[in-house]
A.B. asks: 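Could you have a look at this structure, given as structure tokens, before my questions?
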Number of protein chains: 2
Amino acid sequence: MSDEPRESDDRSPDRLPQRAPLQRVVLDTSLFVNPDVRTSLGNTPTEALETFLFLAAQIPILEFYMPPSIFGELLHFIEKDRVPGDLLLILHQKPPKKHELKCPAFLLYELVEDTRERVNKGLRIAEKAVRSAEKKKAEEIIQDLRRKYREALREGIIDSKEDVDLLLLAMELDALLISADQGLIHWAEKLGIRWLFPDRFKDYLMGAIRRAEYLGREPGG
Amino acid sequence: MSDEPRESDDRSPDRLPQRAPLQRVVLDTSLFVNPDVRTSLGNTPTEALETFLFLAAQIPILEFYMPPSIFGELLHFIEKDRVPGDLLLILHQKPPKKHELKCPAFLLYELVEDTRERVNKGLRIAEKAVRSAEKKKAEEIIQDLRRKYREALREGIIDSKEDVDLLLLAMELDALLISADQGLIHWAEKLGIRWLFPDRFKDYLMGAIRRAEYLGREPGG
């Protein structure tokens, strides 16, 4: 279905009205895997994905996308036998055109400064751990060190190529990005990418079903 | 002086021939400060800068640039009284247009993956330091930790906004970047920015003087 506005006379009721442009949505695995945001859709990742597919099938005004790298992550969490082949039609798998896309150069400053601060913080955490070695056991200190170090150097940043895939795909498609990852949301803000509070994902789908029904019924629609 | 090619009849011998387009060169402080590359120009940063100015004044075919942030760094190393006002005419201070420039998005993958690997390496170094605390004194371990950690997380990367200034300015001006910083050279490679082995900087200036003389003498030049 084309989303280009054009005049046409054959508007049968089962066709989407021209006035409703397709909205593209890029989904992260966290929506199905992270228990804090998944619960409204299901008790397990598989259930959450099934509910999503059931709802998404009723929304002709939205197009859902996921980078293959993220889809690969999702497959680790779900019972593949229970997910119908519809998935492949409803949830489009597309990598971003990474060699064509450009990003604003001032982001390099932010990435570099952010990394620099985190790296310094990581060193301070490590020094503290060494100093505490006189009082506690090495294994205990190391557990604590790992947690604090990862918190300081990983949280709130994009730290994998899968994260970059999600951002760039949303940028390329001018899509709405839905993720529960704070680092991704932080970067979506910088790049001007639309994003949604992830716990509102189901409400968004329900709203889209109602909207699609309304548009389908509208006179002249 | 314009570098646009155009027809003109008033070619007096002291004017630059039209056929020699201006080459822009972006300079890092390391050329004057780093003893390994500075020595061909002078024994101190001030001497090196004086020699550079003496040579650069004889090269009308090159335009020299430095971002103000880098110039600010250089001022910490030189005796300001000994540097003539010519400096400000010969070495142009210009920040990059950081909000207009774009960089290829695939670089985000490289930055993110590179940082991820370094961060993991940093954690392994920290763990090793904690484990060695049973055998050595804390202060001794921390000295060693700092050195290894900085080596792993800082070397060969761009890790300051001054570094980004240099890269973006070279990109914006389509200039030749001259620096002794391996991280900068590594990123110049990725971005398609021309760069020069820093220890050849003086040779490059001497060659440019000869070239400018030759072009100035050429019949019809």
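Keep in mind that the numbers below use all heavy atoms, side chains included, and drop hydrogens, waters and symmetry copies. What you see is a predicted model, and the numbers here were worked out from it, not measured in a lab. Order of the sequence lines fixes the chain letters, A, B, ..., with proteins taken first and strands second; residue numbering starts at 1 for each chain.
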A.B. asks: Of the non-hydrogen atoms in A/Val130 and B/Ala138, which two are nearest, and what is the gap between them?
C.D. replies: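 Smallest heavy-atom distance, with atoms named: CG1-O, 4.1 Å.
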A.B. asks: Sort A/Arg150 into side chain, backbone, both or neither according to what part of it lies under 4.5 angstrom from a heavy atom of chain B.
C.D. replies: side chain
A.B. asks: Got more than 12 heavy atoms from elsewhere within 6.0 Å of NZ, A/Lys190?
C.D. replies: yes
A.B. asks: Measure distances from A/Leu108 to the heavy atoms of chain B and classify the residue's part below 4.5 Å as side chain, backbone, both or neither.
C.D. replies: both
A.B. asks: Has A/Arg194 got more than 12 heavy atoms of other residues, nucleotides or ligands less than 6.0 Å from its CZ?
C.D. replies: yes
A.B. asks: Given B/Phe106 and A/Leu168, is the side-chain contact (heavy atoms from CB on, under 4.5 Å) satisfied, shown in steps?
C.D. replies: CA-CA 9 Å; B/Phe106 78 87; A/Leu168 296 189; over 6 Å; no
A.B. asks: Report which part of B/Arg154 has an atom under 4.5 Å of a heavy atom belonging to chain A: side chain, backbone, both, or neither.
C.D. replies: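 Side chain of B/Arg154 only, per the 4.5 Å heavy-atom cut-off to chain A.
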A.B. asks: Of the backbone (N, CA, C, O) and the side chain (C-beta and beyond), which part of B/Asp163 lies under 4.5 Å from a heavy atom of chain A, both, or neither?
C.D. replies: neither
A.B. asks: Is chain A contacted by the side chain of B/Glu113, its backbone, both, or neither, given a heavy-atom distance below 4.5 Å?
C.D. replies: side chain
A.B. asks: So which part of B/Glu110 gets closer than 4.5 Å to some heavy atom of chain A, the side chain, the backbone, both or neither?
C.D. replies: neither
A.B. asks: If you define the side chain from C-beta out and look only at heavy atoms, does anything of B/Leu145 sit under 4.5 Å from A/Leu123?
C.D. replies: yes
A.B. asks: For A/Arg200, does the CZ atom have more than 12 heavy-atom neighbours from other residues, nucleotides or ligands under 6.0 Å away?
C.D. replies: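 No.
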A.B. asks: Counting only heavy atoms not in B/Lys98, do more than 12 fall under 6.0 Å of its NZ?
C.D. replies: yes
A.B. asks: Please classify the contact of A/Ser132 with chain B as side chain, backbone, both or neither, using a heavy-atom distance under 4.5 Å.
C.D. replies: neither
A.B. asks: Are A/Arg116 and B/Lys161 side-chain neighbours, meaning at least one heavy-atom pair lies under 4.5 Å?
C.D. replies: no
A.B. asks: When heavy-atom pairs shorter than 4.5 Å are enumerated against chain B, which of A/Ala133, A/Gly122, A/Pro96 gives the highest number?
C.D. replies: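 Heavy-atom pairs under 4.5 Å are most numerous for A/Gly122.
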A.B. asks: Please flag which part of A/Leu111 lies under 4.5 Å from any non-hydrogen atom of chain B: side chain, backbone, both or neither.
C.D. replies: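 Contact with chain B involves the side chain of A/Leu111 alone.
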A.B. asks: Give the member of B/Arg146, B/Glu139, B/Lys97 that has the highest number of heavy-atom pairs under 4.5 Å with chain A.
C.D. replies: B/Arg146
A.B. asks: So do the side chains of A/Ile142 and B/Arg131 get within less than 4.5 Å of each other, counting heavy atoms only?
C.D. replies: yes
A.B. asks: Give, as side chain, backbone, both or neither, the part of B/Tyr149 having an atom under 4.5 angstrom from any heavy atom of chain A.
C.D. replies: side chain
A.B. asks: Let me see the working for A/Arg118 and B/Thr115 under side-chain contact (heavy atoms from CB on, under 4.5 Å), right down to the final yes or no.
C.D. replies: CA-CA 11 Å; A/Arg118 285 169 188 268; B/Thr115 304; over 6 Å; no
A.B. asks: For chain A, find which of B/Ile125, B/Leu153, B/Asn120 contributes the most heavy-atom pairs closer than 4.5 angstrom.
C.D. replies: B/Leu153
